[in-house]
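Taking it in order: structure first as structure tokens, then the write-up.
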Amino acid sequence: MATLEIRDLHVMVETKEGDKPILRGVDLTINSGQTHAIMGPNGSGKSTLAAAIMGHPRYTVTAGTIRLDGADVLEMSVDERARAGLFLAMQYPVEVAGVSVANFLRTAKTAVAGQAPALRTWGKEVKTAMDNLRIDAAFAERSVNEGFSGGEKKRHEILQLELLKPKFAILDETDSGLDIDALRVVSEGVNRALENTDVGVLLITHYTRILRYINPDYVHVFVDGRIAEEGGPELAERLETEGYVRYLGVGATMN
Amino acid sequence: MTVYSERPAAIPAGSRAERLTSFRPADFPAPTRALEEWRFTPLSRFRPLLDEASFVEPCDSQVTLDLPPGADAAITTGPMAGQAGAPGDRAAVVAWNAAKDTTVLTIAQGQRLAEAATVGVRGGGLDRPCARHLLIRAEAGSSATVVLEYAGPALLSETVEIVVDDGADLTIVTVQDWEAGSVHAASHRAVVGAEARLKHICVTLGGDAVRITPDAEFRGEGGEVEFVGLYFADAGQHLEHRLFVDHNQPRCKSRVTYKGALQGQDAHAVWVGDVLIQAHAEGTDTYELNRNLVLTKGARADSVPNLEIETGEIEGAGHASATGRFDDEQLFYLMSRGVPEDEARRLVVRGFFGELIDQIEVPAVRARLIAAIDGELELTMGVSS
Ligand SMILES: Nc1ncnc2c1ncn2[C@@H]1O[C@H](COP(=O)(O)OP(=O)(O)OP(=O)(O)O)[C@@H](O)[C@H]1O
Ligand SMILES: [Mg+2]
């Protein structure tokens, strides 16, 4: 069993107007096989948390720790974090012109596994995973994310999750922008990963809809750079009806 | 800050049809940045190549020929009548007049070379400029690949005439890989006969300032020209490619595909692609594309396609130009999949050049090119943002 442990994490971002603190003391522990949902208003810092865990250079950790089975994640470069078992399905996946999906997947798999995958089984594995996610075989030869629709990008992220088999996966709004069928297909992919690999999942979402497919063990309410409340799946239901009003100052509005 | 430009095709100041060509230096005004053909060029770096008086013998530049059976070469002295049009700018006319002899490489009628012929040019040092003249002729019905390899330190001004007779099929691969400090100006002028085909692959890697101007025109119907280019500009390098395809015959086809990567402070690439479809050139089919990949801050790419169409009866005509950055987000994305930074860059740059490298059918040149690009990338590590 693996553990990802975040303690008192403070993160800031450099802006033209100066340093801007975004995360203000995040505490979160995830174990293998668990699913944690994070919900919270726009701009509360959810993507920042995801990016900081993965080591995005724009975000500076000013205090706190992130440990993966005791190892200091903050000391690792981005690629080292991935090889240590962290994975981030991005809210806005990036286009990489001229690099085919097939080449990208093979390169990534080789990098995280430390050796090239066996040619024969790998081809089959990719094809099955693509079929499961209803990704047309033609995508293998297309440039990574180039000209993909929003939903196709998200499915491509989950394809990587299934193939790279990380210890912990952070899914940043993977459900946003998906149609009803795609939401189900993507959720099935996450559930397959949970079943097959015992991955621990941190699921960032705005909607309880995805939580009908992927059952969270814990729900965290994220407000103003920290976790304001924690609970079980019932917390998500309550947020659905009440919104975030109770966590925000009087007169605050949301959209 | 990275500066990059993306311009729509524009009719150049003065049509390409009206641009002067001549064998007489006095016909050309002294280059200034105000002139269209010099507006992106750092003139001070090319100065020694722009004045015939600076070419004094002896010139130490050397040529070696490696010819397969069927290819024939000779060195002729004395002035040559221009086989492939006249010089189109000051650098070209100086090269024409300063060269004392001509290396003539001929592929005899109907010969089909199984192996590439290689012309190696070794620069004559950085002390004084040299001028060279190379004429490559593929006679009717022949087929050949000719590799031009440029290496060493050089101040070189050059004319490369390319004559593709009717029904011939010629591939030229020219690789400029000069040592630091080198300056090279070359005018490649090609004429393509009826039902003939020229594929011209231009690879520019090394040298402080390199300016290549490949021009092509047709001598009959059904000719085909493919200009492929690949360049990699490092800190302080100026790599300029100015192409001109003159569709002066009906039913000819041209394709221009140039791609460049840039990295480091003041790396500068210039691509200008002029295509003129003359009034009587019905059935013309042309497309040109230039893409630049800016790998670091401080590099600049200028990319200007110009398409002039004087007839409505064309098969197809188009152009595309784009400059993109290899940015932090791309790097982060690839690294978040476990790919180390240097490999991520390699992946992106190889992907970018891949389709062009695949077109180089000479395995030794292709392998060297891949190695050269990987070598360039090793430079970036530590320089990058
Ligand atoms: N590079 C940056 N420059 C300035 N502000 C930033 C930067 N990155 C993030 N922020 C700010 O930090 C706050 C948190 O942003 P973040 O993207 O983490 O929010 P989020 O909870 O993921 O929101 P959403 O639900 O809309 O995706 C926002 O106010 C955002 O504007
Ligand atoms: Mg977000």
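- Rounded to the nearest 0.5 angstrom, B:R350 CZ and A:N103 CG are separated by 9.5 Å.
- A distance of 7.5 Å separates CZ in B:R337 from CE in A:M54, rounded to the nearest 0.5 Å.
- Considering every non-hydrogen atom in both B:G338 and A:A111, the closest pair reads O-CB, 3.2 Å.
- No more than 12 heavy atoms of other residues, nucleotides or ligands shown are found within 6.0 angstrom of CD on A:E14.
- If you measure heavy-atom distances from A:E80 to chain B, you find no contacts under 4.5 Å at all.
- Separation of atoms CZ (B:F332) and CE (A:M90) is listed at 4.5 Å; rounding is to 0.5 Å.
- Residue A:F104 holds its CZ atom at 8.5 Å from CG of B:L347, rounded to the nearest 0.5 Å.
- A distance of 6.0 Å separates OG1 of A:T107 from CD of B:E343, quoted to the nearest 0.5 Å.
- The two residues A:V99 and B:V348 make their nearest non-hydrogen contact at CG2-CA, 4.1 Å.
- No side-chain heavy atom of A:E95 sits less than 4.5 Å from a side-chain heavy atom of B:Q330.
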Kindly determine whether B:Y333 and A:Y92 satisfy ring-ring contact (aromatic ring centres under 6.0 Å, His included), including the steps that lead there. CA-CA 10 Å; B:Y333 188 70; A:Y92 304 108; over 10 Å; no
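- For A:P166, no part lies near chain B; criterion is any non-hydrogen pair under 4.5 Å.
- Separating the CD1 atom in A:I53 from the OG atom in B:S336 is a distance of 13.0 Å, to the nearest 0.5 Å.
- Proximity to chain B involves both the backbone and the side chain of A:L88, based on heavy atoms less than 4.5 angstrom apart.
- Top candidate by heavy-atom pairs under 4.5 Å with chain B, chosen from A:S143, A:A97, A:A108, is A:A108.
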